[in-house]
Amino acid sequence: MSTHPSRPFPPPSPLHLPGRRTVLLAGLGGALTACSSTGRSGPDNPSSPDSQSSPGGQSSSGSPTGSPTAGVSAAFPAPAAWQPGPGELQPDVKLRAVQVVEAIGGWPPGGQGVAAARQRVAALGVDPGLADQGGPLLADAPRAALEVVYAQYGGLLADSASVLVVCRQWLAGPDGAPVSTGSTVDVRLSSGSPRWSVTALHPADPGAVAATLGDPATRVLAQPRIALPPAAVADVRSGQVHDAPLTAMLALAGTYDFEVSVVRSGHPLLVFGTDRRSDHPQGRAFDTWRIDGRAVVDPATPAELVDSFMRAAAAAGSYNVGGPRQLSGGATANQFFSDTTHHDHVHAGFRA
């Protein structure tokens, strides 16, 4: 499915979100105006219907990821539950966060609504009231499927954590065929025994699509070597992402194929555990979880691949590059950094 903003969308029909903005469903051959399916964002590179499981805990449905072609009744996706891959720190913390999001955002025919979502969440042994915080995942559709692309740390401390659950979702349209959307949910947890407790959900709120977009945004959306998840596509389309990170993405795409996890929305407002504002909500950062098909967190991924990507991000203008290892050098003493939160991704922050 194309994410190029200059292409017109067919007239939509509404699916209503309880207490949230209306999600617009396009016609059978269209797309949701709020965001697109995960995968390559260029018009000539739709998400593959034959994707397979990959390192780093990405699940795969082996089913269509875009809206169905007009006149074709597509099989409804049945994505596998996400599981942590090799190299994850505190894997059960991520799994706990993911299970709540999966319970809220996927349901069988007739399972829509907050009341049904509460029952699914309660079955996990957690507070059923968390379902009330599902926001855009609770569209008024008769059936839904949810696939977690990746679960990334937004923060990891000894007694608390933020897990950014990046997901795609399929909603049954008027004819029952799946229509693709998705979100990113900042899931907060506190330590406990035998498992950590989920305490809150903060779904992404990318904002409305901008009337016009600048050149870097348009080129990023059309670049097949940059894979953006649904919330990140919506971030770029909103016009609230600064040119500096977009230009850096384009520069990195000259050497690497990479998959972005988070841009602006769906990330904590503050650097986790501090009172400092994060660059992400200000539209001045992006995180990358996979490079040239290799998950950053996977021990089998060559260290030199991740390190070279970090240095290339710095060369492209990032003043603050974080990752799984502390790199030497840099234009400033703290241009490169590493901590437990950035064990699973590369962060690139920019000044406006």
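Quick caveat, the model's predicted, so the values are computed rather than measured.
- The structure places OG1 of T288 at 7.0 Å from CG of L252, a figure rounded to the nearest 0.5 Å.
- Counted within 6.0 Å of CG on L269, heavy atoms from surrounding residues, nucleotides or ligands total 12 or fewer; the atom is thus considered open.
- Taking NE2 from H267 and OG from S278, the interatomic distance works out to 4.5 Å, rounded to the nearest 0.5 Å.
- Atom-to-atom distance recorded for S238:OG and D205:CG is 10.0 Å, nearest 0.5 angstrom.
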Exercise. Evaluate side-chain hydrogen bond (donor to acceptor under 3.5 Å, both in side chains) for S308 paired with Y256, printing each intermediate quantity in order.
Key: CA-CA 10 Å; S308 67; Y256 306 93; 2.9 Å; yes
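- The distance from the OG atom of S162 to the CG atom of L270 is 11.0 Å, given to the nearest 0.5 Å.
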Quiz item: Can R168 and V149 be said to form a side chain to side chain contact (heavy atoms under 4.5 Å, CB included), step by step?
Solution: CA-CA 7 Å; R168 60 171 68 94; V149 177; 4.1 Å; yes
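- Taking a cutoff of 4.0 Å between a charged side-chain nitrogen and a carboxylate oxygen, K94 and D344 qualify as a salt bridge.
- Using a 3.5 Å distance cut-off with no hydrogens or angles, the side chains of D287 and H280 do pair a donor with an acceptor.
- For R225 (side chain) and A253 (main-chain N/O), a donor-acceptor pair under 3.5 Å exists by modelled atom type.
- Criterion: ILVMFWY side-chain heavy atoms under 4.5 Å apart, direct or through other members. Under it, L213 and L228 are part of a common hydrophobic cluster.
- The cationic group of R143 lies under 6.0 Å from the six-membered ring centre of F76 and within 45° of the ring axis, placing it in a cation-pi geometry.
- Looking only at atom types and distance, the side chain of Q282 has a donor-acceptor partner in the side chain of R284 under 3.5 Å away.
- Contact between P77 and A145 at its shortest, heavy atoms only, is O-CB, 3.6 Å.
- Among all heavy-atom pairs drawn from L124 and Q99, the shortest one is CD1-O, 3.4 Å.
- Minimum heavy-atom separation, G113 to L138: O-CD2, 4.5 Å.
- D257 places no side-chain N or O within 3.5 Å of a backbone atom of D292 that could act as its donor or acceptor partner.
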Quiz item: Which is it for V198 and Q133 under the side chain to side chain contact (heavy atoms under 4.5 Å, CB included) test, yes or no, and what are the steps along the way?
Solution: CA-CA 12 Å; V198 177; Q133 303 173 28; over 6 Å; no
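- Residues Y319 and L246 do not share a hydrophobic cluster, defined by chaining ILVMFWY side chains whose heavy atoms lie under 4.5 Å apart.
- Taking both residues in full, the closest heavy atoms of S265 and A204 are given as OG-CB, 3.4 Å, listed atom of the first, atom of the second, then distance.
- Distance alone, capped at 3.5 Å, is enough to place a donor-acceptor pair between the Q240 side chain and the P206 backbone.
- Looking at P136 and P203, their side chains come closer than 4.5 Å, going by heavy atoms from C-beta outward.
- Between the side chains of Q152 and S261, a donor-acceptor pair is found at a separation under 3.5 Å.
- Under a 3.5 Å cut-off, the side chain of R237 and the backbone N or O of L221 do not form any donor-acceptor pair.
- Minimum heavy-atom separation, Q335 to A314: NE2-CB, 3.4 Å.
- Shortest non-hydrogen contact noted between L305 and I291 is CD2-O, 3.6 Å.
- Contact of the R96 side chain with the V126 side chain is registered, since non-hydrogen atoms from C-beta on lie closer than 4.5 Å.
- Counting heavy atoms from C-beta on, the side chains of H343 and Y153 never come closer than 4.5 Å.
- Contact of the Q169 side chain with the L171 side chain is registered, since non-hydrogen atoms from C-beta on lie closer than 4.5 Å.
- Of the possible polar contacts, one joining the W107 side chain to the A141 backbone as a donor-acceptor pair under 3.5 Å is found.
- In the hydrophobic clustering of this structure, L130 groups with V101; members are Ile, Leu, Val, Met, Phe, Trp, Tyr whose side-chain heavy atoms approach within less than 4.5 Å, directly or through other members.
- The ring of H242 has its center no closer than 6.0 angstrom to the ring center of F350.
- A salt bridge links R219 with D215; the closest basic N to acidic carboxylate O contact falls under 4.0 Å.
- L250 and M310 fall within a single hydrophobic cluster, where Ile, Leu, Val, Met, Phe, Trp and Tyr side chains are chained together by heavy-atom contacts under 4.5 Å.
- Residues F309 and V220 share a single hydrophobic cluster, defined by chaining ILVMFWY side chains whose heavy atoms lie under 4.5 Å apart.
- Using cut-offs of 30° and 60° for the angle between ring planes, the Y150 and W289 rings count as parallel.
- Within 6.0 Å of the CZ atom in R325, the count of heavy atoms belonging to other residues, nucleotides or ligands exceeds 12.
- A salt bridge does not link D279 with R351: none of the charged nitrogens is closer than 4.0 Å to a carboxylate oxygen.
- Side-chain atoms of V163 and V93, non-hydrogen and from C-beta on, do get closer than 4.5 Å to each other.
- I226 places a side-chain heavy atom less than 4.5 Å from the side chain of F258.
- Salt-bridge formation is detected for the pair R188/D186: a Lys NZ or Arg NE/NH1/NH2 atom is positioned less than 4.0 Å from an Asp or Glu carboxylate oxygen.
- Between the side chain of S160 and the main chain of S190, no donor-acceptor pair closer than 3.5 Å is present.
- The CG atom of L189 sits 9.5 Å away from atom CG of D92, with the distance rounded to the nearest 0.5 Å.
- A heavy-atom distance below 4.5 Å is found between the side chains of D140 and Q112.
- Among V166, V98, L201, the one residue that satisfies the side chain to side chain contact (heavy atoms under 4.5 Å, CB included) test with V185 is L201.
- Atom OG1 of T340 is separated from atom CG of L156 by 4.5 Å, given to the nearest 0.5 angstrom.
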Exercise. For F272 and T341, run side chain to side chain contact (heavy atoms under 4.5 Å, CB included): C-alpha distance rounded to whole Å, both residues' side-chain angles, the deciding distance at 0.1 Å, then the answer.
Key: CA-CA 9 Å; F272 197 74; T341 297; 5.6 Å; no
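- Because its NZ or CZ atom is not both nearer than 6.0 Å to the ring centre of F286 and within 45° of the ring axis, R264 does not count as a cation-pi partner of that residue.
- Side-chain contact between L137 and L146: present, with at least one pair of heavy atoms (C-beta onward) separated by less than 4.5 Å.
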